[in-house]
Asker: 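Quick one: the structure is below, questions incoming.
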Protein chains: 2
Amino acid sequence: MMETVKLKWGPDGLIPAIAQDVRTGQVLMQAYMNEEALHLTLETGTAWYWSRSRQCLWQKGGTSGHYQRVREVRTDCDGDSLLLLVEQEGVACHEGTYSCFTRRVDGSPRAMIGTAFWPIQPDETVPYD
Amino acid sequence: MMETVKLKWGPDGLIPAIAQDVRTGQVLMQAYMNEEALHLTLETGTAWYWSRSRQCLWQKGGTSGHYQRVREVRTDCDGDSLLLLVEQEGVACHEGTYSCFTRRVDGSPRAMIGTAFWPIQPDETVPYD
């Protein structure tokens, strides 16, 4: 049997949480959880996060109706990151796109647009410096 | 045209970076980048990260040979998270598994093992408190 790991909360009490569409595999968003958010997520079966900007718990979809039904929560080998496999209601992004990851970071000489899933428009680029 | 966002580095100069298999969609690992790691990643086409524990840059695969060929780097609506679409050589995890996310966080009354991609063994669970 594989040795279990304990979750490692950061010095701020948070752990990064990645939400991935359980049906398509698309990465939808990355936010943070504190222990209570994880507890609420496991308890209710819908995703709860900790907002660093507002310093409060928030239920994804609580105001928008765009809930994430959590089908599984995984952690990695170090126990310092979470992966949520979710069924997304509506869209994940407040900008109206299904995923929050809609912009390509500019400057990659080897970027091969079109090889990736879920293509984005080539003008949605972000300078990285 | 969509308004671009600038990348937001944390107070520690880091940004979370999620590596996802560009072919299967499997989430492989989550690590951190500083600005130089991102620069090196875009420059070389292979993933570089910043190790918080060792406080140094490291090229994924530099010692193991398990390089990540980076096909695209995306950011999210807030510009505070990165998504790398990669071709993974060998395995992503130092434990020998393809993905680092092999453990299920315990305690979910609604966990539906089997609905997710990339099933894991049900005894690979992690207590969350």
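No experiment lies behind these values; they were computed from the predicted model shown. Proteins come first, then strands; the chains are lettered A, B, ... in the order of their sequence lines, and each starts at number 1. Below, each value reflects all heavy atoms present in this structure, side chains not excepted, and no hydrogens, waters or symmetry copies.
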Asker: Tell me whether A:V86 is reachable from A:I15 by hopping between hydrophobic residues (I, L, V, M, F, W, Y) whose side-chain heavy atoms are closer than 4.5 Å.
Answerer: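 Result: yes, single cluster for both.
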Asker: Should B:R52 and A:D80 count as an ion pair when the cut-off is N to O under 4.0 Å?
Answerer: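 Counted as a salt bridge, because a side-chain N and a carboxylate O are separated by less than 4.0 Å.
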Asker: First locate atom CZ of A:R74, then atom OG of B:S99, and finally report the distance between them rounded to the nearest 0.5 Å.
Answerer: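 If we round to the nearest 0.5 Å, A:R74:CZ and B:S99:OG are 7.5 Å apart.
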Asker: CG of B:L85 to CZ of A:R104: how many Å apart, nearest 0.5 Å?
Answerer: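 Here the rounded value is 11.5 Å.
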Asker: Taking all atoms of both residues into account, what is the closest heavy-atom pair of A:R103 and B:C77, and its distance?
Answerer: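 So the two residues come closest at NH1-CA, 3.3 Å.
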Asker: What distance do A:D78 atom CG and B:H94 atom NE2 have between them, rounded to the nearest 0.5 Å?
Answerer: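 A:D78 CG to B:H94 NE2: 6.0 Å, rounded to 0.5 Å.
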Asker: What distance separates B:D76 CG from A:L28 CG, expressed to the nearest 0.5 Å?
Answerer: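 If I round to the nearest 0.5 Å, the distance is 12.0 Å.
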Asker: For residues 40-62 of chain B, which residue pairs qualify under ring pair (Phe, Tyr, Trp, His ring centres under 6.0 Å), counting only residues two or more places apart or in two chains?
Answerer: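 Output for this query lists B:Y49-B:W58.
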Asker: Is A:L7 reachable from A:V70 through a run of I, L, V, M, F, W or Y residues, each pair having side-chain heavy atoms under 4.5 Å apart?
Answerer: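 Looking at the clustering, A:L7 is in the same group as A:V70.
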Asker: Looking at every heavy atom in both A:F101 and B:I18, which two are closest together, and how far apart are they?
Answerer: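 Minimum heavy-atom separation between A:F101 and B:I18: CZ-CD1, 4.1 Å.
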Asker: Strictly distance-based, threshold 3.5 Å: is any side-chain N or O of A:Q20 a donor or acceptor partner for the main-chain N or O of B:G25?
Answerer: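 Present.
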